[in-house]
Amino acid sequence: MEQLNLDFSFKERLYQQYARIGKSLSSDKRLEILDLLSNGPKSVESISQHSGMTVANVSRHLQILLDAQLVKFNKKGNYVIYSLANPEILEFLMSLWKICEIQLSDIPRIKDELLQKYEDVQTISKSDLLKKMESKTIVVLDIRSKDEYEAGHISGAISVPLEELDEYLQNLPKDVPLAAYCKGPYCVYTTHAVEEMLKKGFTAYRIEEGIHDLLR
C-alpha cells in the first residue's frame, strides 16, 4: 500500500507539471503572443504594436509564459527580445490550431464570415502556388514585417510589408499575377492586401496556407 501511495504521488506531481503549460495557455492574449513569436523574435514594444495590447499587459502575459518556460529572452541594446523557448513549441502550436479547427465549429464559421466579406478575393493552394512559382508565372509577396520576413520566408518571396504595398504596386506592370501570404491562414492582412491589389487592376490571390505550412 505504501508503494501504491508513492506511485499516486508521482503521478500527481507529474500532472501538476503538465498543468503548468495548460494554465499558461488559458488566455487568448497569451496564445496571440505565442503566435506572434512563432513568426520571429520580438521586443515587448513590437508585440504591443502588433497585438494592440498595452506594453504593461504584454509584459504581464510574457511573465506567465516565462514561468511556464514557453518563451525565453535576451537583451539587444536597450531592448529585451523574446522568442519561443524551443522549436517544438511551434509544432505544438500548429497542432493546437489544427485540433481547434477540427473540433470547434465556430472557427471555420468565423473563417467563412471573413471570406464572405471579401467575395472577390480568390485563394490559391500551396500546390498550385509552387507550380506557378516553378514556371515563374507569379510574384509572391510576404506582407509581414521586415523582421518576420528575415526570421524565415519561402524562397523567392518578396518582402513587401502591408504599409509599403501601395508604393510597391505603383512600379509594377498590371499583367504580373500576384499572390500574398502573412502570418497564418486566418490573417486578415492577407485578404486586405489582395483586395487592394484587385482594386488597382492586378490579378491577385490570397495564399491559403500560412507561413509555417508553406515552409513545410
Side-chain angles (χ1 to χ4, degrees), residues 10-104 106-107 110-111 114 142-155 157 159-163 180-190 207 209-216:
F10 168 80
K11 183 180 70 172
E12 184 178 18
R13 288 187 291 118
L14 182 64
Y15 281 112
Q16 284 173 350
Q17 291 303 306
Y18 290 154
R20 290 176 62 189
I21 300 294
K23 289 176 181 177
S24 71
L25 299 177
S26 63
S27 161
D28 57 327
K29 297 302 183 183
R30 288 195 286 277
L31 288 172
E32 182 178 1
I33 290 172
L34 289 173
D35 192 31
L36 286 170
L37 293 179
S38 75
N39 279 267
K42 290 177 175 60
S43 66
V44 175
E45 292 77 11
S46 177
I47 295 171
S48 173
Q49 182 180 11
H50 279 85
S51 66
M53 287 183 266
T54 65
V55 169
N57 278 338
V58 170
S59 298
R60 180 171 56 85
H61 287 305
L62 282 170
Q63 186 57 57
I64 294 172
L65 294 172
L66 275 170
D67 290 343
Q69 298 183 33
L70 291 175
V71 301
K72 61 183 180 180
F73 69 89
N74 60 73
K75 291 191 175 181
K76 187 176 181 181
N78 294 325
Y79 291 96
V80 178
I81 307 298
Y82 286 85
S83 60
L84 296 182
N86 189 303
E88 293 296 325
I89 295 170
L90 173 57
E91 296 299 319
F92 168 74
L93 289 172
M94 293 187 68
S95 295
L96 178 61
W97 307 148
K98 184 176 181 180
I99 290 170
C100 290
E101 186 164 341
I102 292 171
Q103 298 300 124
L104 302 175
D106 283 347
I107 293 180
I110 292 169
K111 179 181 179 181
L114 172 64
D142 185 324
I143 61 168
R144 300 174 301 156
S145 61
K146 294 287 187 183
D147 61 314
E148 290 174 331
Y149 176 85
E150 291 170 1
H153 59 272
I154 63 173
S155 179
S159 176
V160 185
L162 187 60
E163 61 272 16
Y181 71 87
C182 191
K183 296 178 177 65
Y186 298 114
C187 180
V188 296
Y189 295 134
T190 310
I207 299 175
E209 292 82 3
I211 177 61
H212 302 305
D213 286 319
L214 290 170
L215 289 174
R216 284 175 174 262

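Heads up: numbering here begins at 1 and tracks the sequence.
Using a 4.5 Å cut-off on side-chain heavy atoms (C-beta onward), Met53 and Ile33 make contact. Taking the side chain as every heavy atom from C-beta outward, Trp97 and Asp213 never approach each other to under 4.5 Å. Residues Leu70 and Ile64 are not in side-chain contact: their nearest non-hydrogen atoms beyond the backbone lie 4.5 Å or more apart. Looking at heavy atoms from C-beta onward, Leu34 lies in side-chain contact with Val71 at the 4.5 angstrom threshold. Side-chain atoms of Ile89 and Leu37, non-hydrogen and from C-beta on, never get closer than 4.5 Å to each other. Glu32 places none of its side-chain heavy atoms less than 4.5 Å from the side chain of Asp28.
How far CD of Glu101 is from CD1 of Ile110: 10.5 Å, rounded to the nearest 0.5 Å. Within the model, atoms OG of Ser59 and OH of Tyr82 stand 6.5 Å from one another, a figure rounded to the nearest 0.5 Å. Taking CG of Leu93 as the start and OG of Ser38 as the end, the distance is 6.5 Å to the nearest 0.5 Å. To the nearest 0.5 angstrom, Ser155 atom OG is 10.0 Å from Leu215 atom CG. Here the CD atom belonging to Gln69 is positioned 9.0 Å from the CG atom belonging to Asp67, to the nearest 0.5 angstrom. The distance from the CG atom of Leu96 to the CE atom of Met94 is 11.5 Å, given to the nearest 0.5 Å.
Closest approach of Lys72 and Leu66 over heavy atoms only: CA-CD2, 4.1 Å. Of all heavy-atom pairs between Asn39 and His212, the closest is ND2-NE2, 4.1 Å. Closest approach of Ile143 to Cys182, counting heavy atoms only: CG1-CB, 4.1 Å. Contact between Gly40 and Ala151 at its shortest, heavy atoms only, is CA-CB, 3.8 Å. Shortest non-hydrogen contact noted between Pro41 and Ile81 is CB-CG2, 3.6 Å. Between Ala180 and Thr190, the shortest heavy-atom distance links the atoms O-CG2, 3.2 Å.
The backbone N or O of Ser27 lies less than 3.5 Å from no partner atom in the side chain of His61, so there is not a single donor-acceptor pair. Counting only distance, with no hydrogens or angles, the side chain of Arg30 and the backbone of Ser24 share a donor-acceptor pair below 3.5 Å. Side-chain N or O atoms of Ser48 include none that pairs as donor or acceptor with a backbone N or O of Val44 at under 3.5 Å. A donor-acceptor pair under 3.5 Å is formed between the side chain of Lys42 and the backbone N or O of Leu36.
Gln17 and Arg20 share a side-chain donor-acceptor pair at under 3.5 Å.
Atom CD of Glu45 is surrounded by more than 12 heavy atoms from other residues, nucleotides or ligands within 6.0 Å.
Between His153 and Tyr149, the ring-plane angle classifies as parallel under the 30° and 60° cut-offs.
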Item to check | Phe73 and Leu62: CA distance, side-chain angles, deciding distance, side-chain contact (heavy atoms from CB on, under 4.5 Å) verdict | outcome: CA-CA 10 Å; Phe73 69 89; Leu62 282 170; over 6 Å; no

